[in-house]
Asks: 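Pasting in a structure now, in structure tokens, and then I'll have a few things to ask.
Worth saying up front: this structure is predicted, and the values here are computed from it rather than measured.
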Amino acid sequence: QVQLVESGGGLVQAGGSLRVSCTASGRIFRLYTMGWFRQAPGKEREFVAAITWSGGSTRYADSVKGRFTISRDNAEKSVYLQMNSLKPEDTAVYYCALRLSVVLTTAEHEYGYWGQGTQVTVSS
């Protein structure tokens, strides 16, 4: 069984930076895509970023383009989200997700494994 554990969330002032990490455990026999989603209070969970197995292709939500960078380390079975120029509207619980496919997608239902989430709070 695959498990995902996020870390690195916290409180930061607007304009600041934060990096969240996610590490997978368990046996994974297929190449996989990883992504980040977030859910703000009172809102539905939304796509943030995704990265293919090779790391050669990434996709971002328009709201974070140019500010967030997703990366991965396959040897560590980890994915990272570097968040710069943070805004109060970035405040949310950030979830790591894994999809057992090399095809990159932003669709939440395509990801079969999820972490428990890590809180990111940006103060104004």
Asks: Starting from L86, can I reach I70 by hopping between I/L/V/M/F/W/Y residues whose side chains sit under 4.5 Å apart?
Replies: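 Yes, same cluster.
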
Asks: Counting N and O atoms only, with roles assigned by atom type, does the side chain of T52 sit under 3.5 Å from a partner on the main chain of T33, one being a donor and the other an acceptor?
Replies: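 Between the backbone of T33 and the side chain of T52 there is no qualifying donor-acceptor contact (under 3.5 Å).
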
Asks: Quick one: ring-ring contact (aromatic ring centres under 6.0 Å, His included) pairs with a partner in residues 61-110, sequence neighbours left out?
Replies: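 Found none.
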
Asks: Could you pull out all donor-acceptor pairs under 3.5 Å where a side-chain atom in residues 9-21 meets a protein atom, sequence neighbours excluded?
Replies:
unit_1, atom_1, unit_2, atom_2, d
S17, OG, N84, OD1, 2.9

Asks: If the condition is salt bridge (charged side-chain N to carboxylate O under 4.0 Å, His left out), which residues does E46 pass it with, not counting sequence neighbours?
Replies: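 R38.
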
Asks: For T91, give me all partners under side chain to side chain donor-acceptor pair (under 3.5 Å), at least two apart in sequence or on another chain.
Replies: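 By the side chain to side chain donor-acceptor pair (under 3.5 Å) rule, T91 matches no residue at all.
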
Asks: Under a single-linkage definition using a 4.5 Å side-chain heavy-atom cutoff for Ile, Leu, Val, Met, Phe, Trp and Tyr, are V2 and Y111 assigned to the same hydrophobic cluster?
Replies: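 No, V2 does not connect to Y111 through the hydrophobic network.
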
Asks: State yes or no: do L100 and L4 share one hydrophobic cluster built from I, L, V, M, F, W and Y residues joined by side-chain heavy-atom distances below 4.5 Å, directly or via other members?
Replies: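 Hydrophobic grouping puts L100 with L4.
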
Asks: Apply side chain to side chain contact (heavy atoms under 4.5 Å, CB included) to R72 and list each qualifying residue two or more places apart in sequence or on a separate chain.
Replies: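 Partners of R72 by the side chain to side chain contact (heavy atoms under 4.5 Å, CB included) criterion, ordered by chain and then number, come out as Y32, M34, I51, W53, N74, V79.
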
Asks: Test of understanding: with side chain to side chain donor-acceptor pair (under 3.5 Å), list the residues that count as partners of Q3, not counting sequence neighbours.
Replies: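 Here no residue qualifies.
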
Asks: Filter on side-chain hydrogen bond (donor to acceptor under 3.5 Å, both in side chains), then keep only pairs touching residues 112-123, sequence neighbours left out; what's left?
Replies: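 Residue pairs passing side-chain hydrogen bond (donor to acceptor under 3.5 Å, both in side chains), neighbours aside: E6-Q116, Q119-T121.
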
Asks: Might you work through the side chain to side chain contact (heavy atoms under 4.5 Å, CB included) test for F47 and T105, ending with a clear yes or no?
Replies: CA-CA 10 Å; F47 169 78; T105 177; over 6 Å; no

Asks: Apply salt bridge (charged side-chain N to carboxylate O under 4.0 Å, His left out) to K43 and list each qualifying residue two or more places apart in sequence or on a separate chain.
Replies: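 Result, salt bridge (charged side-chain N to carboxylate O under 4.0 Å, His left out) vs K43: none returned.
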
Asks: Going by disulfide bond (SG atoms under 2.5 Å apart), name the pairs with one or both residues in residues 49-81, residues two or more places apart or in two chains.
Replies: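 Every candidate disulfide bond (SG atoms under 2.5 Å apart) pair involving residues 49-81 fails, so no pair, neighbours aside, qualifies.
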
Asks: If hydrophobic clusters are built from ILVMFWY residues whose side chains come within less than 4.5 Å, do W36 and V102 share one?
Replies: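 Per the 4.5 Å side-chain linkage, W36 and V102 are co-clustered.
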
Asks: Is any side-chain heavy atom of M83 closer than 4.5 Å to one of D90?
Replies: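 D90 vs M83: side chains apart.
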
Asks: I need the S25 OG to Q1 CD distance, nearest 0.5 Å.
Replies: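 CD of Q1 is found 9.5 Å from OG of S25.
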
Asks: Walk me through whether S78 and T23 qualify under side-chain hydrogen bond (donor to acceptor under 3.5 Å, both in side chains).
Replies: CA-CA 4 Å; S78 294; T23 299; 2.9 Å; yes

Asks: Applying disulfide bond (SG atoms under 2.5 Å apart), which residue pairs with at least one partner in residues 21-86 are found, sequence neighbours left out?
Replies: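 Passing the test, one end in residues 21-86: C22-C96.
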
Asks: I'd like to check the salt bridge (charged side-chain N to carboxylate O under 4.0 Å, His left out) partners of R99; sequence neighbours left out, ordered by chain and number.
Replies: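 Salt bridge (charged side-chain N to carboxylate O under 4.0 Å, His left out) list for R99, sorted by chain: E110.
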
Asks: E108: which residues meet the salt bridge (charged side-chain N to carboxylate O under 4.0 Å, His left out) condition with it, sequence neighbours left out?
Replies: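 With sequence neighbours excluded, E108 shows a salt bridge (charged side-chain N to carboxylate O under 4.0 Å, His left out) to R45, given in chain and number order.
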
Asks: Please round to the nearest 0.5 Å and tell me the distance separating atom CG of L81 and atom OH of Y60.
Replies: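 The OH atom of Y60 is 7.5 Å from CG of L81, to the nearest 0.5 Å.
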
Asks: Is the side chain of K77 donor-acceptor paired with the backbone N or O of G26 at a distance under 3.5 Å, no angle test?
Replies: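 Such a contact is found between K77 side chain and G26 backbone.
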
